Amino acid sequence: MPLNADMPSEPTIVPLIEGAENRLQGCWPDRQFDAVSRPEVHTWRARDPWARALLFVGGGYTKLVYDKEGAEVASWLNAQGIDVHLVVHRLPGAPDGKGGVHPKDIALVDGLRALDVVAAEQSDLPLFHVGLSSGGHLAGVMACQKHDLKPAGAVIAYAPINANHRKHKFPEGKPDYPPVEKQDFYDDWPIGLADYPHGLPSVPVFLAYALSDRSVPLQHALRYVETAAAGALDVDLHVFADAPHGFALRALDGTQAAWPGLAVDWMKRKAAKTATQQVG
């Protein structure tokens, strides 16, 4: 069960380009975007915020799991004192409405548009990229980008950050992911592999994974931690033995029940460190 079973309040929606309004499919608490016609930022505000988050949801880059990994996570973060800006991004390889398909990097393009909107607020609140499943991969990609608004860190849960790459798949022999644009984006942005320095975030990273996850094997995280140990990168890894893939805030009937608290504590510590560095 989610930490908060009530339907969250309606967010403030800011379109990032002109286009038709996106329509959620299904009913609460399992709504999702099967298609995205325009990128949007959906914002929920905390009462007395001490931080803010750019939130990326999962769905394998073929849909966006809006409630389970978006609205519910936003409600939880709001309760912890964190403003949330959820990025509704377009999908690589999906129809672009003009007779073609979106390019491989469309999710990143939209993520950077959203980051520009957040930066325009000119707030002093530290920013964290937060992502679950494929949204965690995108959060990792965002944490590698050069931008005037540098994040204080990234929180990534059960995300396919590197072992979906054609040359580094685990398990070996796993077929390529359709559409080709999605596979190409994974190939362009393996996160945490030493041979691809552009995919090494320069900010602290918090990882939460399930030991027995077959959809996103632990090797994704282990490879990143191996690189971090060799290169003195700031990475925390938490592995939960009985957690299923996609545990989010619903499947918390094991030791993974600790992960939300661990993540918030980590964010508070990194936010405090960022504030100290800015003063210094």
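Everything numeric in this text was worked out from a predicted model, so none of it was measured.
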Would you say Val235 and Val239 are hydrophobically clustered, going by side-chain heavy atoms of ILVMFWY under 4.5 Å?
yes
If we ignore hydrogens and angles and just use 3.5 Å, is the side chain of Ser37 paired with the main-chain N or O of Ala20 as donor and acceptor?
yes
Can a salt bridge be assigned to the pair Lys63 and Asp34 using a cut-off of 4.0 Å between side-chain N and carboxylate O?
no
Mind checking whether His89 and Tyr61 have parallel, tilted or perpendicular rings, split at 30° and 60°?
tilted
With no hydrogens and no angle check, just 3.5 Å: does a side-chain donor-acceptor pair link Asn164 and Lys174?
yes
So does Pro175 get a backbone contact from the side chain of Arg166, meaning a donor-acceptor N/O pair under 3.5 Å?
no
Heavy-atom side-chain contact between His238 and Leu207 under 4.5 Å:
no
So, Arg250 and Glu72, do they make that salt bridge, N to O below 4.0 Å?
yes
Close aromatic pair by centroid cut-off 6.0 Å: Phe185 and His137
yes
Salt-bridge present (Glu40, Arg38; N to O < 4.0 Å)
yes
Quick one: NE2 on His129 to CG on Leu54, what's the gap to the nearest 0.5 Å?
6.0 Å
Without swapping roles, check the side chain of Asn78 against the backbone of Ile82 for a donor-acceptor pair under 3.5 Å.
yes
Would you mind listing every side chain to side chain donor-acceptor pair (under 3.5 Å) that reaches into residues 189-206, with sequence neighbours excluded?
His168-Tyr196
Side-chain donor or acceptor of Lys182 paired with backbone N/O of Gly93 under 3.5 Å:
no
Between His220 and Phe170, is the ring centre distance below 6.0 Å?
no
Do the side chain of Arg45 and the main chain of Thr43 share a donor and acceptor less than 3.5 angstrom apart?
no
Return each pair, listed once, that meets side chain to side chain donor-acceptor pair (under 3.5 Å) where at least one residue sits in residues 96-105; pairs must be two or more places apart or across chains.
Lys104-Asp188
Taking atom CG of Asp176 as the centre, report whether more than 12 heavy atoms of other residues, nucleotides or ligands fall under 6.0 Å from it.
yes
With sequence neighbours left out, the residues meeting salt bridge (Lys or Arg N to Asp or Glu O under 4.0 Å) with Asp234 are Lys270
Verify, without hydrogens or angle tests, whether Arg52 (side chain) and Leu125 (backbone) share a donor-acceptor contact under 3.5 angstrom.
yes
Determine the interplanar angle of the Phe247 and Trp259 rings, folded into 0 to 90°, and report it as parallel if under 30°, tilted if 30 to 60°, perpendicular if over 60°.
perpendicular
How about Tyr158 and Tyr209: are their ring centroids closer than 6.0 Å?
no
Step through the shown structure and confirm whether more than 12 heavy atoms of other residues, nucleotides or ligands are within 6.0 Å of CD on Glu121.
yes
